[in-house]
There are 2 protein chains.
Amino acid sequence: MSTVIEIEIQGRDVHMKETDTSPPRSERRDAAANRQRILDAALRLFEQHGVEAVSMNQIASEAQVGPGTLYRRYKNKSELCLDLIRDSADLLFEEYESYLEQHSMEPAQEQLKYFIRLFIRFREKKSQLLIGVEDSSQTNRPKSRTSSPIYNELNKIFVSLFDKMAASETLNADSDSVFKADMLQMVLSRDFYSIQRDVRGLSPESIFEQICFMFHL
Amino acid sequence: MSTVIEIEIQGRDVHMKETDTSPPRSERRDAAANRQRILDAALRLFEQHGVEAVSMNQIASEAQVGPGTLYRRYKNKSELCLDLIRDSADLLFEEYESYLEQHSMEPAQEQLKYFIRLFIRFREKKSQLLIGVEDSSQTNRPKSRTSSPIYNELNKIFVSLFDKMAASETLNADSDSVFKADMLQMVLSRDFYSIQRDVRGLSPESIFEQICFMFHL
DNA sequence: ATATTAAGCGGAGACATCTCCACTTGTCAA
DNA sequence: TTGACAAGTGGAGATGTCTCCGCTTAATAT
């Protein structure tokens with residue numbers, strides 16, 4: 001339990017500043033260096049060969065650390081991708097925040113449409129890494145997708161938007177916002193999105209329109 | 001290419017009769033015996049330890065064949081599960097056919113609802129094996145889910161039903177039946193269904209109702 | 001400076017998937 | 001029967017994921 005919390009804290013430290021000698025026992029300097037080398041190596045290999053084609057072993061040896069060291073930080077490739085995409089994801093949320101501040105009076109429907117558009121752009125730009133995040137490797141299957149922090153952040157946003165929409169509608173039936181949100185995320189997930197894009201041949205714009213239609217937006 | 005076709009034919013032979021000495025060069029007797037032993041072993045192990053916990057190696061050695069022999073027939077565990085579930089799936093489709101014959105005049109909407117109910121029952125009864133079918137192991141990822149024969153059979157049914165519904169509606173907008181069908185299948189897939197059932201705590205009935213609501217049924 | 005100590009390291013190895021290919025064995029035609 | 005041959009076999013091994021655990025070492029207290 002405490003372990004999990006500490007790792008969480010370390011992760012945030014790295015994202016905040018460089019020289020941070022605050023009370024909660026900072027990350028060892030050599031460990032930080034290794035972490036950076038891992039991230040660099042992973043990014044390089046991913047760009048060169050594609051996320052799917054690169055193995056954890058390759059990353060480890062490219063970063064000149066043992067496999068154990070790599071797995072110590074990242075339970076699997078999915079978590080590694082998550083770390084690599086974290087900054088972009090934060091940017092996505094920030095962009096949405098700043099939009100919200102300037103369009104706080106717009107109907108929730110429009111806000112939702114804006115966010116969906118934003119997310120689809122994100123998906124297109126970071127497709128490779130996002131796919132990496134989404135398929136958790138076999139061993140820790142049990143919870144998988146739903147447990148990803150990004151999934152939950154997104155879910156919170158969608159639920160609150162659907163709630164707002166339900167509240168503003170005069171006659172609304174038994175629509176469950178959580179169900180709707182999960183469904184929307186399913187539709188925006190790799191599994192569905194890739195089928196529509198690559199198998200069915202839809203453009204991102206068409207997909208957006210179909211989604212809006214299905215969710216009455 | 002020809003290989004694929006022949007395997008297909010052999011598969012059907014086994015499902016049709018026992019002693020079938022028809023022209024297209026039947027399956028060797030010893031091979032058939034092995035196949036049966038594999039199926040038996042797999043079913044036994046799956047029931048005892050759960051699908052996810054059983055490895056292809058275990059199945060092979062339990063069936064007293066080499067790993068190569070096992071993989072010769074089934075590219076992965078997913079295909080093996082498919083073979084084990086095939087009969088039940090056929091039954092599902094047959095049950096639907098016979099329903100259709102007796103309710104051919106009902107609105108497509110009702111027919112669709114009936115089929116969804118049928119499928120949810122199927123899901124509940126065969127959850128273990130169905131999950132096994134749905135997650136294709138890593139190596140042949142590219143196409144995965146969409147390419148499963150069962151996925152396509154289901155898709156055909158859903159598309160035709162949505163088409164029928166669209167036709168009977170006087171004012172219908174740009175609703176794409178294929179998109180809807182894919183979406184419905186997504187919602188009935190392991191990924192989504194399990195979340196709703198196990199994480200969100202919904203009962204099969206609630207899930208059914210939510211689905212109907214979301215698809216205007 | 002030095003000792004203490006837990007974070008961090010790395011690689012051996014358990015176990016999984018899947019391929020390859022030299023060998024065996026039913027089957028069929030002669 | 002028997003020989004030819006394709007269908008079928010099995011297991012070694014390539015490659016991958018992930019764990020375990022004894023050793024190393026940076027950070028802190030003395």
Side-chain angles (χ1 to χ4, degrees), chain A residues 2-7 9-11 13 19-38 45 49 51-80 132 135-142, chain B residues 2-7 9-10 13 19-38 45 49 51-80 132 135-141:
Chain A
S2 62
T3 315
V4 174
I5 289 170
E6 282 183 331
I7 287 172
I9 289 167
Q10 288 172 9
D13 281 350
T19 51
D20 177 68
T21 335
S22 54
R25 182 63 70 102
S26 66
E27 189 181 27
R28 254 211 231 177
R29 215 181 321 266
D30 61 337
N34 277 336
R35 163 186 289 260
Q36 198 51 54
R37 247 175 319 114
I38 288 172
L45 288 173
H49 305 109
V51 173
E52 313 239 1
V54 177
S55 75
M56 290 296 265
N57 275 347
Q58 271 175 80
I59 296 169
S61 66
E62 176 83 8
Q64 305 201 263
V65 299
T69 303
L70 178 53
Y71 277 98
R72 165 176 237 292
R73 279 177 208 291
Y74 304 106
K75 275 209 323 285
N76 48 51
K77 208 158 62 170
S78 173
E79 285 195 1
L80 178 51
D135 53 35
S136 52
S137 52
Q138 61 269 39
T139 0
N140 53 298
R141 181 65 62 56
Chain B
S2 62
T3 315
V4 175
I5 290 169
E6 281 183 332
I7 287 172
I9 289 168
Q10 287 172 11
D13 281 350
T19 51
D20 177 68
T21 336
S22 54
R25 181 64 69 98
S26 65
E27 189 181 25
R28 257 211 228 174
R29 211 177 331 260
D30 60 338
N34 277 338
R35 163 187 289 262
Q36 200 49 56
R37 244 170 327 109
I38 288 172
L45 288 173
H49 305 108
V51 173
E52 313 238 358
V54 177
S55 76
M56 290 295 266
N57 275 348
Q58 272 176 80
I59 296 169
S61 66
E62 176 83 8
Q64 305 201 261
V65 299
T69 303
L70 178 52
Y71 277 99
R72 167 179 234 294
R73 281 176 207 291
Y74 304 107
K75 275 208 325 284
N76 48 50
K77 207 158 64 171
S78 175
E79 284 195 2
L80 178 51
D135 53 36
S136 53
S137 53
Q138 62 269 39
T139 3
N140 53 299
R141 181 64 60 57

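Each chain gets a letter, A, B and so on, in the order the sequences are listed, and its residues count up from 1.
- Atom NZ in A:Lys77 sits roughly 10 Å away from atom P in D:dG16 (whole-Å rounding).
- Here D:dG13 presents its P atom at 16 Å from CG of B:Asn57, a figure rounded to the nearest Å.
- In this structure, CD1 of B:Ile38 is placed 11 Å from C1' of D:dG8, rounded to the nearest angstrom.
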Inset, instruction - Please assess A:Glu62 against A:Val54 for the test side chain to side chain contact (heavy atoms under 4.5 Å, CB included), listing each intermediate value before the final yes or no. - result: CA-CA 11 Å; A:Glu62 176 83 8; A:Val54 177; over 6 Å; no

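- Every residue two or more places apart in sequence or in another chain that forms a side chain to side chain contact (heavy atoms under 4.5 Å, CB included) with A:Asp30 is listed here: A:Arg28.
- Residues A:Ala63 and A:Arg37 come closest through the heavy atom pair O-NH1, 2.6 Å.
- The distance between atom NZ of A:Lys75 and atom P of D:dT19, rounded to the nearest whole Å, is 9 Å.
- Rounded to whole Å, atom C1' of D:dT17 lies 12 Å from atom CD1 of A:Ile59.
- Separating the OH atom of B:Tyr71 from the C1' atom of D:dG11 is a distance of 14 Å, rounded to the nearest angstrom.
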Dump every N/O contact between nucleotides 9-15 of chain C and the protein below 3.5 Å, one line per pair.
unit_1 : atom_1 : unit_2  : atom_2 : d
C:dC9  : OP1    : A:Asn34 : ND2    : 2.2
C:dG10 : OP2    : A:Gly66 : N      : 3.3
C:dG10 : OP2    : A:Thr69 : OG1    : 3.2
C:dG10 : N7     : A:Thr69 : N      : 3.4

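- Take A:Tyr71 and apply the side chain to side chain contact (heavy atoms under 4.5 Å, CB included) test, not counting sequence neighbours, and it matches A:Met56.
- Not counting sequence neighbours, the partners of B:Ser55 by the side chain to side chain contact (heavy atoms under 4.5 Å, CB included) test are B:Asn57, B:Gln58.
- Residues forming a side-chain hydrogen bond (donor to acceptor under 3.5 Å, both in side chains) with B:Gln64 (at least two apart in sequence, or on another chain): none.
- Remark: P of D:dG16 and CG of A:Asn76 are 16 Å apart, rounded to the nearest angstrom.
- Judged by closest nucleotide on DNA chain D, A:Met56 is the one of A:Met56 and A:Arg29 placed further toward the 5' end.
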